[in-house]
Structures are given as structure tokens and as C-alpha cells.
Amino acid sequence: MIENRPILNMISHAVLILGVVIVALPIWITFVAATHDPVRMTQAPIPMLPGGYFWENFTQTLFGGGLSGTESAPVWRMLLNSMMMALMISFGKIAISLLSAFAIVYFKFPFRMGFFWLIFITLMLPVEVRILPTFQVIADLGMLNSYWGLSIPLIASATATFMFRQVFLTIPDEMLESARIDGAGPLRFFWDILIPLSRTNIAALFVILFIYGWNQYLWPLLITTETDMTTIVMSIKQMLEAAEQSPQWNIIMMTALLAMIPPVFVVVAMQRLFVQGLTETDK
Amino acid sequence: MASITMKDLVKAYGDTEVLHHIEGDINDGEFIVIVGPSGCGKSTLLRMVAGLETVTSGEISIGDKVVNKLEPADRDIAMVFQNYALYPHMSVRENMAYGLKIRKIAKAEIDRRVREAADILEIGQYLDRKPRQLSGGQRQRVAMGRAIVRNPQVFLFDEPLSNLDAKLRVQMRLEIRKLQQRLGVTSIYVTHDQVEAMTLGDRLMVLNGGYVEQFGTPIELYDRPATLFVAGFIGSPSMNFLPAEAKDGTLTLGNGATVSGGGHSTGAVTLGIRPEHLMHDENGPIGISVQMFEQLGANTLLHGVLEGTDTEIVASMPGHVSTGEGSVMRFSAEASVLHVFDAASGKRIEE
Ligand SMILES: Nc1ncnc2c1ncn2[C@@H]1O[C@H](COP(=O)(O)OP(=O)(O)OP(=O)(O)O)[C@@H](O)[C@H]1O
Ligand SMILES: [Mg+2]
């Protein structure tokens with residue numbers, strides 16, 4: 001709509017600005033809180049402008065013991081753990097679901113549709129529902145407090161399998177046929193043709209899965225008991241309750257700020273592919 | 001280079017048989033066109049030769065090797081698809097080189113062959129483009145280039161020109177023909193367009209409902225169509241069919257008019273006359289009640305019905321004719337261009 005009415009323009013701008021403020025204000029407060037000393041943060045009213053303690057809070061949070069008076073791992077360690085978990089989950093999910101979608105779409109084997117529906121049904125069983133048996137399995141396999149334990153139970157993915165199945169179904173049969181005539185075997189076809197043609201979808205899925213993995217809370221909380229293996233999202237919550245003292249908002253907020261950076265970075269870096277992957281239809 | 005033999009070839013999907021006992025020998029270097037209406041099984045037959053469809057029963061050999069069980073890649077064939085099926089993420093060069101790369105041919109040799117094919121097809125300046133940056137005609141050339149570089153024993157084409165506009169189609173048709181003659185590769189070409197079939201093929205296989213109606217040169221098909229179906233399918237405008245009774249070398253038409261011919265038959269037959277063989281003749285036996293003229297420039301098509309009946313009939317007359325609508329015009333035809341078919345079986349009755 002292109003309309004030349006000043007009042008309408010002003011109103012729409014006002015609405016947009018209001019929206020931005022609502023979204024941005026909590027982030028601004030997080031940032032401001034991360035730049036003050038602990039004492040200032042306990043006094044009302046809370047500050048609305050940045051203070052001068054950014055670097056101190058930053059170094060203490062990232063490399064120091066984090067919260068004073070507790071035994072938590074330094075935040076760089078948590079970031080590393082979260083990063084490993086998120087990457088293993090997203091790469092694992094993408095690899096497994098690409099392969100299972102490939103099998104379901106391109107191979108005829110007994111009970112093919114049966115397998116498809118089996119995978120599909122697991123959509124209805126999120127981690128929380130099967131958490132106890134999964135915990136038992138992981139514990140028996142001795143994977144508590146390890147990256148494998150953090151990521152493997154979350155890797156199997158019906159959603160991604162289903163999505164790749166739909167993507168593969170849009171690729172014309174002639175593509176497979178001409179690859180067969182060119183002498184490409186199944187794996188070669190998968191690698192040389194299917195993967196490049198699903199590139200944007202893979203990227204879009206990666207963004208979604210990375211954030212999904214990064215934000216895992218319940219599962220890491222259950223299976224990590226060593227402070228060295230804690231992830232950043234679960235530890236923010238722990239910080240709030242830690243050490244029977246008033247929360248050290250400056251450190252907590254700095255941690256939250258740091259926890260936000262990798263997902264934001266991933267989204268920004270993959271933005272173009274992400275949008276293409278969700279909207280592109282022609283192959 | 002190789003000959004192709006199809007022996008008693010059957011294709012069934014479940015219980016439905018779509019190709020029935022196809023027989024055919026294709027000589028080395030021959031250009032064969034498979035032609036027929038939509039759904040008659042042309043693509044299926046071609047894809048069986050390619051190895052993309054399994055053979056239900058019968059035998060296909062390329063050269064002197066039975067290929068029923070061979071993967072497409074091992075049959076030494078190349079195929080051009082209707083929608084080209086180029087790999088969208090690869091450049092033209094990579095598209096053409098892909099098959100060679102898989103066969104582990106040396107880099108320099110691949111480059112040489114791609115360059116050579118690109119020169120033949122005049123697509124040298126597009127080698128680094130992606131297929132989506134090319135026009136339909138250029139994509140068509142790339143698809144052919146991909147077939148040529150492989151240096152196969154057999155080319156297979158499945159309606160490769162049907163996505164192009166009319167003018168380009170005529171041009172590409174000529175180019176395909178020239179290319180095939182130059183390379184001398186045995187080719188099978190599928191189309192539903194009888195003009196394309198007539199102009200391209202050394203021999204035509206006319207398919208109808210999964211049966212081979214006739215397999216012969218374009219001229220044989222035109223001059224001596226074996227069945228009513230072939231007679232109606234080949235030639236444009238298509239042949240007129242008039243019900244008739246044959247007796248003692250005379251054919252009696254529906255309105256009682258008589259034409260001499262049909263000496264080898266008695267009883268109900270169908271007389272076939274091509275529009276271009278009807279000659280304007282004041283004393284001719286065939287009267288046409290003229291309904292409409294269609295001006296084509298070089299000639300005029302006269303549409304009408306056989307006088308006194310409602311059998312539609314078309315005559316092609318040289319030059320411009322425009323008067324006479326509503327009247328009766330008379331025509332005759334030489335005995336040598338009359339086709340007589342058995343009315344029940346539709347089979348040609350030889351004179
Ligand atoms: N996978 C299949 N399962 C069952 N029937 C099939 C299958 N593929 C093709 N057919 C049938 O086989 C017949 C021949 O199909 P085919 O594709 O060879 O026709 P065609 O002559 O190439 O037609 P067109 O000119 O429209 O391309 C059709 O009647 C079609 O319905
Ligand atoms: Mg077809």
C-alpha cells in the first residue's frame with residue numbers, strides 16, 4: 001500500500017516504534033544491568049542507562065568463577081558446552097534425517113510406509129514424555145556428563161525427516177534418471193545432487209535446530225551433575241537460586257547477554273539462506 | 001555404434017499390460033521415430049530401452065548384448081528428456097562433464113570432449129552459466145551436449161522439442177537430424193507429432209494402445225498404411241474414410257455412387273482417400289456438398305459431406321477457391337491412390 005496521508009504514516013510509525021520498544025526493552029535492561037556493579041543493581045529504581053563496569057563484569061563472568069561464592073564453571077566453559085551440544089544436535093539431526101528421508105523417498109523396501117509412519121508417530125513423543133526411559137538408557141550406556149549424552153537423545157527427528165521428504169518429493173524424477181544414466185550410484189546421487197539441491201533447506205533447518213539445541217533446558221539439567229558439563233541456559237536458572245544471597249544481577253545479566261550471542265550470530269549469518277529455504281519452491 | 005533388437009517385448013504394471021509383444025529391429029546408425037497418440041506407451045518403450053523401466057517379458061539387445069538386466073549406465077546410451085533434466089546447481093560445463101567424471105575419464109580428455117560438443121552445438125559462450133540462466137532452446141542444446149560428450153552407442157529422445165515454440169521446434173528438428181547424420185549414432189526418438197516423425201525418421205514405429213500398428217519408412221506409411229489407424233494418423237490433413245461395399249472390382253459408396261477399385265475384396269470395406277488426391281473433375285463420381293473453405297494460401301481446404309450422406313470429407317485444391325459454398329462439387333481420384341481397408345478389422349486390403 002502506498003498512501004500519502006501524513007496522519008496514517010505517523011500512526012503506523014508509532015505502532016512500529018511501540019513494537020520495537022516492547023521487544024527491545026528487556027534486552028536493553030539486560031545490557032544495562034550487565035554494566036553496573038552488584039551493589040547498584042540491588043537499589044531501586046533499577047538503572048536505565050549503562051554504567052561503567054562492563055569490562056569487569058565481562059571478564060569476571062567469562063573467565064572468573066562467575067558468580068562469587070558458588071562453584072560454577074566459568075562461563076566460557078558453559079558456552080563451549082552449549083555450543084558443542086547445539087552443534088552436535090543440529091548436525092546429527094540433519095545427517096540422520098537426510099539419510100532417512102533419502103531411504104524413504106528413493107528406495108523401495110518392505111514396510112517402507114510403515115517405517116515412515118513409525119518415524120512420523122515419534123513426532124508425538126517429545127523429549128519430556130520419554131524422559132525417564134531415555135535417562136535410564138543414557139545412564140546405562142555411561143553417557144552421563146558427556147557431550148554424547150547431551151546430544152544423542154535429541155538427535156532423532158521426525159520433523160526434519162518429514163521436511164526433507166517433502167523437499168525430495170519436489171525434485172523431478174528425471175533428475176534421478178539422468179543421474180542413473182550418467183552412472184551415479186545412490187550415494188553419489190545423494191551427495192552430488194540431492195544435498196546441493198537441498199542446500200537452502202538444510203541451512204534453514206540448521207538455524208532452527210541450532211536454536212532448539214542451544215535452548216535445551218530440562219535434558220541437560222537431568223544428565224549433567226559435574227559443573228564442567230553444565231550448559232549456559234540451565235546455569236542461568238541455577239545462578240538465580242544459587243548461594244543463599246540476593247541474586248547478583250550484573251553477572252547473571254552478563255551471562256544472559258553472552259548466551260544470546262551465538263543464536264543471534266547464527267540467525268544473522270544464515271539469514272539469506274534461511275529465508276530462501278523457507279520460501280523457495282522451484283527446483 | 002550398435003543395432004537394437006526388441007523381441008516379444010511386454011510391459012505390464014500389475015495386471016494391466018501397457019505394451020503388447022513389441023517386435024522391432026533397428027539397424028546400426030538408423031534414426032527411428034516412435035510415434036502415436038498420448039498414453040499409447042511410447043515413453044514406456046523408450047524407457048525400457050534406456051533401462052529406466054523393468055522388462056516384464058521379452059528381450060532387448062543393444063549390439064549383440066542382451067541388456068534386460070543392465071543398469072542404464074552400463075548400456076552405453078544417452079537420453080534427452082522432455083524437461084531436459086539438467087542439474088540446476090551445476091554449470092553447463094559441469095552438467096556435460098558429470099557423466100564423464102563418474103567414469104573417471106582424464107580431466108584433459110573431458111575438457112576436450114566438452115569443448116568439442118559445445119562447438120558443435122554452438123553453446124561455447126554459455127559453458128559457465130547455470131541452466132536457469134539459459135533460454136529453453138539453449139537448455140535443449142545443453143541437454144543434447146550432455147548426450148553427445150558421452151559418445152554413446154545409442155541416443156534416446158523423449159519428446160525433446162515439445163517445450164519449444166513452433167519456429168524453434170522446426171529449427172531444432174533440423175539440427176537434431178543433421179547432428180545424428182553427422183555422428184551416425186543409432187537413435188530412437190519419441191514424439192506424438194506426426195510431422196516431426198515424418199521429417200526426422202528413417203523409419204517410423206506407429207504405436208497405438210500398446211500395439212505396433214506399422215513399422216516402416218515415412219513413404220511406406222504414407223503410401224501403404226497397414227491399418228486405418230496409421231492411415232488416419234500419418235498425413236495432414238488426415239485421410240478421408242468413406243464406408244463402401246465392394247463387389248467385383250467396384251466400390252459402392254453410401255450414396256450409391258461407384259468408384260472402381262477394391263478388386264480383392266467383397267462386402268463392407270472402408271475406402272480411404274487423402275484430401276490431396278481428390279481431383280476437381282466435372283464428371284467425377286464423388287460429389288461433395290460444400291460447407292466451408294479454408295484458405296491456406298498455396299492451397300485451399302474444402303470441407304463438406306459426401307453428397308446425400310453425412311460422411312464428412314475434406315479435399316485439398318490448389319490455389320484459391322472461394323465460391324461454391326452450399327453447392328455440390330465433383331471429384332475423382334486415381335485408382336492407384338485409393339486405400340481399401342477391411343471395415344471390421346481395419347486392416348489394409350492389398351490391391
Ligand atoms: N507407473 C505406472 N503405473 C501404471 N500405469 C502406468 C505407469 N506408467 C505409465 N502407465 C500407463 O502406461 C501407458 C503408457 O504410458 P506412456 O507414458 O508410455 O505414454 P506415452 O505414449 O509416452 O504418452 P505421452 O505422449 O502422453 O507422453 C499409459 O496408459 C499410462 O497410464
Ligand atoms: Mg511420454
Side-chain angles (χ1 to χ4, degrees), chain A residues 94 98 101-103 105-113 163-164 166-206 270 272-283, chain B residues 43-44 46-54 67 70-91 94-105 110 130-132 139 142-147 149-160 163:
Chain A
I94 287 174
L98 271 173
F102 179 51
V105 174
Y106 288 99
F107 292 87
K108 289 204 177 66
F109 49 90
F111 310 116
R112 186 163 70 124
M113 283 325 273
M163 195 192 95
F164 282 125
Q166 298 312 90
V167 172
F168 291 170
L169 287 178
T170 65
I171 295 175
D173 288 346
E174 282 87 350
M175 214 59 77
L176 171 67
E177 292 173 350
S178 78
R180 270 177 79 189
I181 291 175
D182 271 338
L187 280 180
R188 193 130 198 175
F189 171 69
F190 179 70
W191 196 249
D192 284 356
I193 302 197
L194 278 188
I195 302 263
L197 288 183
S198 327
R199 205 186 86 216
T200 52
N201 305 81
I202 293 175
L205 204 64
F206 176 78
M270 313 268 287
R272 199 176 55 84
L273 282 174
F274 180 67
V275 173
Q276 260 181 31
L278 292 186
T279 55
E280 187 180 60
T281 48
D282 68 323
K283 285 269 136 40
Chain B
S43 301
T44 308
L46 189 77
R47 291 160 53 80
M48 282 164 84
V49 176
L52 297 171
E53 298 276 357
T54 53
V67 296
L70 287 187
E71 263 295 294
D74 302 326
R75 296 187 180 200
D76 207 359
I77 50 146
M79 183 153 171
V80 178
F81 294 86
Q82 177 171 2
N83 64 4
Y84 318 137
L86 299 173
Y87 309 121
H89 58 293
M90 297 187 193
S91 68
E94 288 162 344
N95 260 287
M96 290 176 30
Y98 188 58
L100 302 180
K101 223 171 75 188
I102 291 179
R103 285 181 170 69
K104 304 220 158 56
I105 289 172
I110 295 181
K130 294 277 166 66
R132 90 181 97 81
R139 282 181 214 180
V142 176
M144 302 222 304
R146 197 166 62 168
V149 289
R150 296 265 308 281
N151 229 334
Q153 295 203 32
V154 179
F155 283 140
L156 303 173
F157 301 89
D158 193 354
E159 310 209 21
N163 286 347

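Within every chain, numbering begins at 1; the chains are lettered A, B, ... in the order of the sequence lines, protein sequences first and strands thereafter.
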Report task. Measure B/Arg150 against the heavy atoms of chain A and call it side chain, backbone, both or neither at under 4.5 Å. Result -> side chain
Requested in this report: Measure distances from B/Arg146 to the heavy atoms of chain A and classify the residue's part below 4.5 Å as side chain, backbone, both or neither.
Outcome: side chain
Query - Under 4.5 Å from any heavy atom of chain B - which part of A/Asp173 - result: neither
Query raised in the report: Looking at residues at least two apart in the chain, or sitting in another chain, which of them share a salt bridge (Lys or Arg N to Asp or Glu O under 4.0 Å) with B/Asp158?
Result: none
Report summary line: Ranking B/Arg132, B/Arg47, B/Met90, B/Arg75 by heavy-atom pairs under 4.5 Å to chain A gives rank one to B/Arg47
Report task. Provide the closest heavy-atom pair for A/Gly183 versus B/Ala73 in the form atom of the first, atom of the second, distance. Result -> CA-CB, 3.3 Å
Requested in this report: Could you label the plane-to-plane angle of the B/Tyr98 and B/Tyr87 rings as parallel, tilted or perpendicular, counting under 30° as parallel and over 60° as perpendicular?
Outcome: perpendicular
What side-chain donor-acceptor pairs closer than 3.5 Å can you find for residues 78-85 of chain B, not counting sequence neighbours?
from, atom 1, to, atom 2, distance (Å)
B/Gln82, NE2, B/Ser162, OG, 2.9
B/Asn83, OD1, B/Ala85, N, 3.3

Query raised in the report: Going by heavy atoms in the side chains, are A/Ile171 and A/Tyr106 under 4.5 Å from each other?
Result: yes
Query raised in the report: What part of A/Arg199 lies closer than 4.5 angstrom to a heavy atom of chain B: side chain, backbone, both or neither?
Result: neither
Requested in this report: Examine whether an atom of B/Leu100 lies under 4.5 Å from a heavy atom of chain A, and if so say whether it belongs to the side chain, the backbone or both; otherwise answer neither.
Outcome: neither
